[in-house]
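Have a look at the structure below, then the notes.
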Number of protein chains: 2
Amino acid sequence: MPRPRSALLSVELIVNAALKLVDETGDFSFPRIARELGVSQSSLYNRIESREHIIELLRAQLFEEIPPQPVADQSWQDAARMLIRSYRDRFAQHPKLVPLLVTQTVHAPVVMGMYEDLALTLERSGLPTEDIGPAIASIDYFALGAALDATAPDEVWDPSPEQFPALRRATACSGTSAERVARAFNFGLDVLVAGIEMRAKQEIY
Amino acid sequence: MPRPRSALLSVELIVNAALKLVDETGDFSFPRIARELGVSQSSLYNRIESREHIIELLRAQLFEEIPPQPVADQSWQDAARMLIRSYRDRFAQHPKLVPLLVTQTVHAPVVMGMYEDLALTLERSGLPTEDIGPAIASIDYFALGAALDATAPDEVWDPSPEQFPALRRATACSGTSAERVARAFNFGLDVLVAGIEMRAKQEIY
DNA sequence: ACCTGAACACCGTTCAAGT
DNA sequence: ACCTGAACACCGTTCAAGT
């Protein structure tokens, strides 16, 4: 008797169903994945270990969808800008996934690859070795925060002008929420790269 | 017949119980708050509207525990550094609360007060008006990311040296997790302020 | 080896009922 | 006005039982 041609389930099917649910509803659950795949809830545990495991697989998925681009033949500034941008773009692909990712430590080796590229790039900047780690972390903080903000619902951020005049001036003509986030990201990216450049030149101590 | 001397419940009691549970376990729930206060779960809904409402009250609590310090009699650089630091310190007070806060939009007016101070400070830097919003957002991203990282469990971040040599060099002697985060925060803070200073001087475009 | 059904210990929220 | 108990529709995870 031949063994069954195809199993009902696979890690890939589970991850895809989870991602689809996240994109559509902002979250996933075992019951809903099982329903989506026409399978019982408990059978999922034959392929994956836990909810956290699924989240880790989703993170890896984010880095496998868009292959990393070679970056060695540019100035370190342009290379850094490119890496940070592509990091952000991965999150932008599935914005609703971001909140699920930020509270969990990274295990996926694919993600490490990007950190490695960033480390290599920052070494070219002339930044002292002990500053490379902090620089990577700072960039990570910034990109994560920006990704989280992009997730937030469009809210008319109108903070009672009479109480907060400077804030009103600052947010007066800031356009749509997406434009606001994009401008903030571009600004922060320039400022970070410029700041790192100064630090590398020892112009700040 | 006199009315009861004191109600069994108050918003303050609920918020304090929730914060205690978060500090101890990393989360709160209606059943556990109710048990803590010796009260039925459904009675909580007489004082608060939803789980999200409690989270918003916890955020406000974070800003009321430490009163904001006056900041007008310093250089804008020192003032900015101070504001960003105190922002981060609020999170550090209750690290396990941070993951609950980052995925929810801000409503608390207390928080707006800090943004207003930051806006006033950045105006003094000479930054063009249209850059103030992006600057505040970038700082917010950075501080939030740093706070999230401080929450993460101490993990020996040892990424198989042979695969990621630059990453290994960067993280070689980075000490404890708390030290690592502190160094990253200090580095990023300097870099951000220096970058904003350059931008204000039109030295970058 | 893989899948199912039932069970367990949790959630947030609502609502009729009591005082 | 405030509190309770019961109910509802959800969770993640385990495990004996089937094939």
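- Residues forming a side-chain hydrogen bond (donor to acceptor under 3.5 Å, both in side chains) with A:R169 (at least two apart in sequence, or on another chain): B:E123.
- Between B:R32 and the phosphate of C:dC11, there is a side-chain N or O to OP1/OP2 separation shorter than 4.0 Å.
- Rounding to whole angstrom units, CD1 of residue B:I33 and P of C:dC10 are separated by 16 Å.
- Every pair passing salt bridge (charged side-chain N to carboxylate O under 4.0 Å, His left out) that includes a residue from residues 128-146 of chain B is listed here, sequence neighbours excluded: B:D131-B:R199.
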Would you give me the side-chain donor-acceptor pairs under 3.5 Å for residues 64-72 of chain A, sequence neighbours excluded?
{"residue": "A:E65", "atom": "OE1", "partner": "A:H94", "partner atom": "NE2", "Å": "3.0"}
{"residue": "A:E65", "atom": "OE2", "partner": "A:H94", "partner atom": "NE2", "Å": "3.3"}

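- Whole-Å rounding puts the A:L44 CG to D:dC11 C1' distance at 14 Å.
- A search for ring-ring contact (aromatic ring centres under 6.0 Å, His included) contacts involving B:F63 returns nothing, not counting sequence neighbours.
- With sequence neighbours excluded, the residues forming a side-chain hydrogen bond (donor to acceptor under 3.5 Å, both in side chains) with B:R59 are B:E56, listed by chain and number.
- The CZ-C1' distance, from A:R47 to C:dA1, rounds to 9 Å in whole Å.
- A cation-pi arrangement, defined by a distance under 6.0 Å to the six-membered ring centre and an angle within 45 degrees of its axis, is present between A:R51 and A:F28.
- The side-chain hydrogen bond (donor to acceptor under 3.5 Å, both in side chains) check on B:N46 picks up nothing, with sequence neighbours excluded.
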- Intra- and interstrand pairs of DNA chain D - dot-bracket, Watson-Crick/G-U under 3.5 Å, | marks other strand: ||.|||||...|||||.||
- Query: Which parts of nucleotides 12-19 of chain C does protein reach within less than 4.0 Å, heavy atoms only, written one letter per nucleotide 5' to 3' as B for base, S for sugar-phosphate only and - for none?
  - Reply: BBBB----
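- Residue order along DNA chain D, read from the 5' end via each residue's closest nucleotide, puts B:S40 first among A:R35 and B:S40.
- One interatomic measurement links the two molecules: CG of B:L13 to C1' of D:dC3, which rounds to 15 Å at whole-angstrom precision.
- For the pair A:L21 CG and D:dC11 C1', the interatomic distance rounds to 14 Å; values are reported in whole Å.
- At most 12 heavy atoms of other shown residues, nucleotides or ligands fall within 6.0 angstrom of atom CD in B:E12.
- Looking at residues two or more places apart in sequence or on another chain, you find no side-chain hydrogen bond (donor to acceptor under 3.5 Å, both in side chains) involving A:Q93.
- Atom CG in A:N46 sits roughly 7 Å away from atom C1' in C:dC3 (whole-Å rounding).
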